[in-house]
Q: 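Pasting a structure below so you can have a look.
A, B, ... follow the sequence lines: proteins, then strands. Residue 1 opens every chain.
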Amino acid sequence: MAVVTIAEVANHEGQEIRLRGWLYNLRESGKLLFPQFRDGTGVLQGVVSQKENPEAFQALTGLTQESSVEVTGVVRADARAPGGYELQVTGVAAVQKIPEGDPYPIQLKEHGVDFLLENRHLWIRTPRQAAILRVRDEAIFAAREFMHQQGYVLTDAPVFTPSACEGTTNLFEVDYLDDRKAYLTQSGQLYVEATAAALGKVYCFGPAFRAERSKTRRHLTEFWMLEPEAAYAGMEDMIALAEGLITYMVQSAIARCPQQLAVLGRDVARLETVRPPFPRLSYDDAIELLHRQGNATAWGEDFGGDEETILSSQHDRPVIVHRFPTAIKAFYMQPDPQRPELALGFDILAPEGYGEIVGGGERISSYDLLRERLRQHDLPEEPFRWYLDLRRYGSVPHAGFGLGIERTIAWITGAEHIRETIPFPRTIYRLWP
RNA sequence: UGGGGCGUGGUCCAAUUGGUAGGACACCGCACUGUUAAUGCGGAUGGUGGAGGUUCGAGUCCUCCCGCCCCAGCCA
């Protein structure tokens with residue numbers, strides 16, 4: 001008898017199959033039992049009649065929520081069953097029965113955030129969380145697929161770094177054997193600038209760590225970032241790449257995860273409109289727009305959450321904001337030759353208040369200018385010696401960006417909080433489980 | 001790092017503003033042959049985050065501590 005996953009049962013209508021999973025819920029009605037089985041690919045309702053199958057009825061009666069079970073049964077199409085199919089159970093074998101005295105803690109009821117996060121190792125079994133994690137898998141797979149198709153080579157950056165990438169603030173410090181210190185990376189960007197000079201078009205994909213005391217629904221201390229970098233490229237090239245990448249991730253999720261998005265109650269119509277080109281605003285225009293909306297942000301100030309929300313709520317697609325004042329951007333940003341007070345950098349803001357999902361731009365390629373900027377930002381030159389070498393030996397114009405995976409997935413899935421979009425979130429106050 | 005808020009059975013909440021700490025869910029039993037977080041009836045278990053203080057009396061008021069949430073800042 002074939003072992004079948006719940007995702008595949010539609011292909012086995014009328015056949016007797018074997019299912020291996022867990023008892024998600026058990027509803028009963030007289031001499032009928034309606035067990036809900038889950039196996040990681042979905043939930044399937046079974047039906048057992050005491051009259052027709054007393055052994056299976058007996059085996060299932062009293063079986064507790066989340067007990068592991070192997071069941072056999074015949075797949076039937078039935079409009080009364082959730083999902084349209086149900087399993088007419090022929091046999092049930094408990095793999096491990098959870099004792100009644102110590103029941104599974106997570107009910108099919110509402111729980112508080114703290115309790116759920118404390119039990120994250122179990123919470124991920126619920127259909128909603130499992131759906132988000134499947135969309136995450138699909139979005140990441142699509143992202144890597146897209147980058148590969150575009151000729152970008154995966155060159156991962158180290159997690160241990162000798163010093164800060166973008167300055168010395170808010171790094172996690174760890175003991176590095178003997179008497180040295182290392183820091184967990186907060187960005188792979190500097191390293192992909194080096195590999196871009198070696199391989200042309202590259203990207204890295206991995207975790208980034210920020211020891212910032214951010215406590216909002218958009219922040220984690222450990223998050224995943226995809227960072228492309230290309231030699232002989234400028235800001236426009238990167239905007240086009242980011243538009244393509246985001247579009248591909250979103251459209252792949254829609255195409256490959258329709259059931260998951262349905263479980264999540266995501267309004268897919270709001271994602272289907274995501275196609276290039278995305279609406280654009282220069283920083284100058286953005287300030288003007290904010291003023292028209294009654295927001296008093298002065299030219300030269302950076303945007304906060306309120307400003308991002310105003311700008312992104314104008315459109316149903318992600319919004320690109322470009323050419324920020326140099327003074328509020330990182331030291332490595334290439335100035336606009338037309339207006340040196342502006343940097344050739346851009347952000348992409350996700351719709352529906354999910355915030356900034358991309359930040360990037362063209363990097364400074366001039367050795368002298370880069371040294372000057374390090375001085376202006378009060379950064380020591382020695383830790384950047386290798387980085388400066390990239391400008392001494394065959395320097396070329398180059399550009400890149402970083403895409404925050406969790407924020408992107410939060411937007412695609414419509415998750416309330418970014419912490420639902422990663423299996424085991426790390427936040428300022430949570431290091432468990 | 002600022003500002004605001006919340007901690008009550010395993011879970012989700014209530015307690016007439018200082019006067020006997022309760023309900024629902026979960027668990028167990030019974031009933032019900034199409035349930036959709038089933039429903040109805042019954043049962044057992046079990047709690048005020050911690051330490052002080054005020055008071056005849058504190059879940060409620062005060063001080064400190066601990067844990068967490070939200071907003072801002074920082075950022076992706």
Side-chain angles (χ1 to χ4, degrees), chain A residues 24-36 43 45-52 57 61-62 64-66 76 78-84 86 88 98-119 122 126-128 165-167 169-170 186-189 207-227 242 301-309 328-330 347-350 354-360 401-411 416-419 421-422 427-430 432:
Chain A
Y24 172 65
N25 191 19
L26 182 64
R27 292 193 278 260
E28 39 186 318
S29 176
K31 302 293 182 269
L32 277 184
L33 293 179
F34 297 97
Q36 319 286 315
V43 176
Q45 170 166 292
V47 61
V48 187
S49 154
Q50 187 182 35
K51 200 164 138 191
E52 290 166 24
F57 190 93
T61 302
T64 43
Q65 183 197 1
E66 280 302 312
R76 303 278 189 218
D78 193 315
R80 292 169 296 186
E86 71 181 9
Q88 194 166 4
I98 299 177
E100 290 85 354
D102 184 21
Y104 186 69
I106 298 185
Q107 302 176 25
L108 277 56
K109 300 280 179 181
E110 288 185 18
H111 290 289
V113 166
D114 191 46
F115 174 79
L116 290 170
L117 286 172
E118 197 69 15
N119 291 280
L122 303 175
T126 55
R128 184 183 161 79
C165 286
E166 303 182 21
T169 52
N170 300 324
Q186 55 182 185
S187 165
Q189 182 204 313
F209 306 88
R210 305 269 167 98
E212 291 155 354
R213 298 184 177 276
S214 303
K215 297 176 291 191
T216 78
R217 74 180 70 177
R218 301 191 307 277
H219 288 87
L220 298 168
T221 54
E222 177 183 322
F223 65 100
W224 285 66
M225 198 154 53
L226 189 150
E227 297 175 276
E301 289 179 339
D302 207 351
F303 300 142
D306 287 350
E307 290 75 35
E308 286 184 1
T309 302
I328 57 173
K329 285 292 169 182
D347 287 350
I348 300 183
L349 307 175
Y354 284 96
E356 183 186 335
I357 53 174
V358 164
F401 64 84
L403 177 136
I405 289 293
E406 285 79 13
R407 284 187 185 175
T408 304
I409 291 163
W411 163 49
E416 297 247 328
H417 197 296
I418 192 173
R419 64 194 153 202
T421 64
I422 186 168
T427 59
I428 171 169
Y429 291 131
R430 189 163 294 280
W432 172 272

Q: Applying a 3.5 Å limit to both distances, which nucleotide forms a Watson-Crick or G-U wobble pair with A72(B)?
A: U1(B)
Q: Check this for me, if you would: do Arg218(A) and Glu356(A) make a salt bridge, where the nitrogen-to-carboxylate-oxygen distance has to be below 4.0 angstrom?
A: no
Q: Any side-chain N or O of Arg210(A) below 4.0 angstrom from OP1/OP2 of C75(B)?
A: no
Q: Given that both distances must come in under 3.5 Å, which nucleotide forms a Watson-Crick or G-U wobble pair with A26(B)?
A: none
Q: Side chain of Thr64(A), heavy atoms from C-beta onward: which of U35(B), G73(B), C28(B) has the nearest atom to it?
A: C28(B)
Q: Under 4.0 Å: is that the gap between some side-chain N or O of Lys51(A) and OP1 or OP2 of U33(B)?
A: no
Q: Using 0.5 Å steps for rounding, measure from the CG atom of Leu226(A) to the CG atom of Leu403(A).
A: 6.5 Å
Q: Does C71(B) have OP1 or OP2 sitting under 4.0 Å from an N or O in the side chain of Arg217(A)?
A: yes
Q: At under 4.0 Å, does any side-chain N or O of Arg419(A) touch on OP1 or OP2 of C69(B)?
A: yes
Q: On RNA chain B, nearest-nucleotide positions of Gly62(A) versus Ala79(A): which is more 5'?
A: Gly62(A)
Q: Measure from the side-chain heavy atoms of Val113(A) and tell me the nearest of C69(B), A72(B), U35(B).
A: C69(B)
Q: Given Glu86(A) and Gln45(A), is the side-chain hydrogen bond (donor to acceptor under 3.5 Å, both in side chains) satisfied, shown in steps?
A: CA-CA 5 Å; Glu86(A) 71 181 9; Gln45(A) 170 166 292; 3.2 Å; yes
Q: Identify which nucleotide among U35(B), G34(B), A76(B) has an atom closest to any side-chain atom of Leu32(A), counting heavy atoms from C-beta outward.
A: G34(B)
Q: Determine the interatomic distance between C1' on A44(B) and the same-named atom on C30(B); round to the nearest Å.
A: 15 Å
Q: Report the nucleotide, chosen from A26(B), G73(B), A76(B), that has the shortest atom-to-atom distance to any side-chain atom of Gln107(A).
A: A26(B)
Q: Side chain of Ser49(A): nearest nucleotide among C75(B), G34(B), U33(B)?
A: U33(B)
Q: In terms of side-chain heavy atoms of Lys215(A), which of C75(B), G3(B), G10(B) is nearest?
A: G3(B)
Q: To the nearest Å, give me how far apart CZ (Phe115(A)) and P (U11(B)) are.
A: 6 Å
Q: Could you identify the nucleotide paired to G57(B), looking across every strand shown and requiring Watson-Crick or G-U wobble geometry with both distances under 3.5 Å?
A: none
Q: Could you let me know what G52(B) is paired to, Watson-Crick or G-U wobble, both distances under 3.5 Å, or none if it's on its own?
A: C62(B)
Q: So, Phe223(A) and A76(B): ring centres less than 5.5 Å apart, planes less than 30° off, yes or no?
A: yes
Q: Measuring from the side chain of Arg430(A) (C-beta onward, heavy atoms only), which nucleotide among U35(B), C71(B), C68(B) has the closest atom?
A: C68(B)
Q: Scan every strand shown for a Watson-Crick or G-U wobble partner of A15(B), both distances under 3.5 Å, and answer none if you come up empty.
A: none
Q: Taking atom P in both G59(B) and G52(B), compute the distance separating them and give it to the nearest angstrom.
A: 15 Å
Q: Does C25(B) have OP1 or OP2 under 4.0 Å away from a side-chain N or O of His111(A)?
A: no
Q: Hey, is U17(B) sitting syn or anti, using the within-90° cutoff around 0?
A: syn
Q: What is the distance, rounded to the nearest whole Å, between atom CD of Glu110(A) and atom C1' of C13(B)?
A: 11 Å
Q: Using both distances under 3.5 Å as the test, list the Watson-Crick or G-U wobble partner of A21(B), or none.
A: none
Q: Both Gln65(A) and Gly112(A) contact RNA chain B. Which one's nearest nucleotide lies toward the 5' end?
A: Gly112(A)
Q: Of the candidate nucleotides U33(B), C74(B), A76(B), which contains the atom at the shortest distance from the side chain of Ile418(A)?
A: A76(B)
Q: Any side-chain heavy atom of Arg407(A) within less than 4.5 Å of one from Ile418(A)?
A: yes
Q: Which of the following nucleotides, G10(B), U1(B), C70(B), is nearest to the side chain of Arg213(A)?
A: U1(B)
Q: Can you check the distance between G9(B) and G4(B), where both ends of the measurement are the P atom (answer in whole Å)?
A: 27 Å
